[in-house]
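Read the numbers this way: they start at 1 and go in the same order the structure lists the ligands and their atoms. As a basis for the values below, the full set of heavy atoms in this structure was taken, side chains included, without hydrogen atoms, waters or symmetry mates.
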Amino acid sequence: MSLLGKDLIGIEGLTREQITTILDVADPLKAISERAIKKVPTLRGMTVVNLFFEASTRTRISFEFAEKRMSADTVNVATAVSSVSKGETLVDTARNLEAMKIDMVVIRHPASGAPRFLADRIESNVINAGDGTHEHPTQGLLDLLTLRSHLGSLEGKRICICGDVLHSRVARSNIWGLKALGAQVAVCGPRSLLPGAITDLGVEVFGRIEEAIQWADALNVLRLQLERMERGYIPSLREYNRVFGLTRARLERAPKDLVILHPGPMNRGVEIDSDVADGPHSVILEQVTNGVAVRMAVLYLLAGNAPALADAAKAESA
Ligand code: CP
């Protein structure tokens, strides 16, 4: 059994040591993607299926790169053109894939809990690539890796998650991960976009973006998830930008240089203005780069490899 157990369903429940190990394994693996030949043989012979029931650019492609750079065989299942579109259940789909002798399933699903449901019913390792409004653990981990590389130890650091926390699996994974590493965590947004029991998670709540900017070392700005909104949570996008948007003018009033994250995809001019997203404090593309290394580390550890072997794996050539 790996250090992480059989599956990675969420950051909730992971210990500080487990999270730190994933980040420590991911850090040196970044170098593999900088090489001319971006490949090591570490997962040769393993078969990984990427099963995405929801749209994705960063996560799906990043997992595919991570799998290929570690020499795993990968298959992408496009659910729109698979037998899922004929009504086949999630478990039947996965069991049929397992009958073809696979080792791991990476799953994104609109229903919170779908990866856990699957993991309890198949033998392959299951990695949650985002389920409904529940968790997106590898996004949380890549955010932690990015923050750690800019702020050092996250113990006592102040991180504010801004915007549509209500619909955000990224927010939940970040809150669990940041708190496990000792950070102070806050959320900021209109009350209609914050979960009712958010303070139960041990976070501070700001009702004004200006307060968050004064308080924080880093801001993780969330996308307004318009596709998940069943009713009017905000008067208009323009109004949201006017009151909660991260603009250059607001950022210039910060008492220190803030690190600005966004998980993507961005609504430019809504939750974040382009001159902030593309500005000197933004680490948004670095998050994407780190995503490949974090996913390599998760695949590596779930495959049962010891953390100490990661450096050796990095040195191996394919
Ligand atoms: N951050 C993130 O999950 O992006 P995608 O939806 O493009 O995968």
query = Would a distance-only check, ignoring hydrogens and angles, find a side-chain to backbone donor-acceptor pair under 3.5 Å from Glu252 to Ala249?
reply = no
Table please: side-chain donor-acceptor pairs of residues 254-266 below 3.5 Å, with sequence neighbours left out.
unit_1 : atom_1 : unit_2 : atom_2 : d
Lys256 : NZ     : Asp217 : OD1    : 2.7
His262 : ND1    : Gly264 : N      : 2.8
His262 : NE2    : Glu271 : OE2    : 2.8

request  = Could you tell me whether Arg295 sits above the aromatic face of Phe63, with NZ or CZ closer than 6.0 angstrom to the six-membered ring centre and within 45 degrees of the axis?
outcome  = yes
When you check ligand 1 against the protein, what N or O pairs turn up below 3.5 Å? List the atom names and distances, or just say none.
unit_1   : atom_1 : unit_2 : atom_2 : d
ligand 1 : 1 (N)  : Gln139 : OE1    : 3.0
ligand 1 : 1 (N)  : Pro263 : O      : 2.8
ligand 1 : 1 (N)  : Gly264 : O      : 3.3
ligand 1 : 3 (O)  : Thr59  : OG1    : 3.0
ligand 1 : 3 (O)  : Arg108 : NH2    : 2.9
ligand 1 : 3 (O)  : His136 : NE2    : 2.9
ligand 1 : 4 (O)  : Arg58  : NE     : 3.0
ligand 1 : 6 (O)  : Arg108 : NH1    : 2.9
ligand 1 : 7 (O)  : Thr57  : N      : 2.8
ligand 1 : 7 (O)  : Arg58  : N      : 3.0
ligand 1 : 7 (O)  : Arg58  : NE     : 3.2
ligand 1 : 7 (O)  : Arg58  : NH2    : 3.0
ligand 1 : 8 (O)  : Ser56  : OG     : 2.6
ligand 1 : 8 (O)  : Thr59  : N      : 2.9
ligand 1 : 8 (O)  : Thr59  : OG1    : 2.6
ligand 1 : 8 (O)  : Arg108 : NH1    : 3.4
ligand 1 : 8 (O)  : Arg108 : NH2    : 3.3

query = For Arg169, what residues pass the salt bridge (charged side-chain N to carboxylate O under 4.0 Å, His left out) criterion, not counting sequence neighbours?
reply = Glu54
inquiry  = Salt bridge check, Lys68 against Asp73: does any charged N sit closer than 4.0 Å to a carboxylate O?
reply    = no
ask   = Excluding sequence neighbours, so at least two apart, what forms salt bridge (charged side-chain N to carboxylate O under 4.0 Å, His left out) with Glu155?
value = Arg16
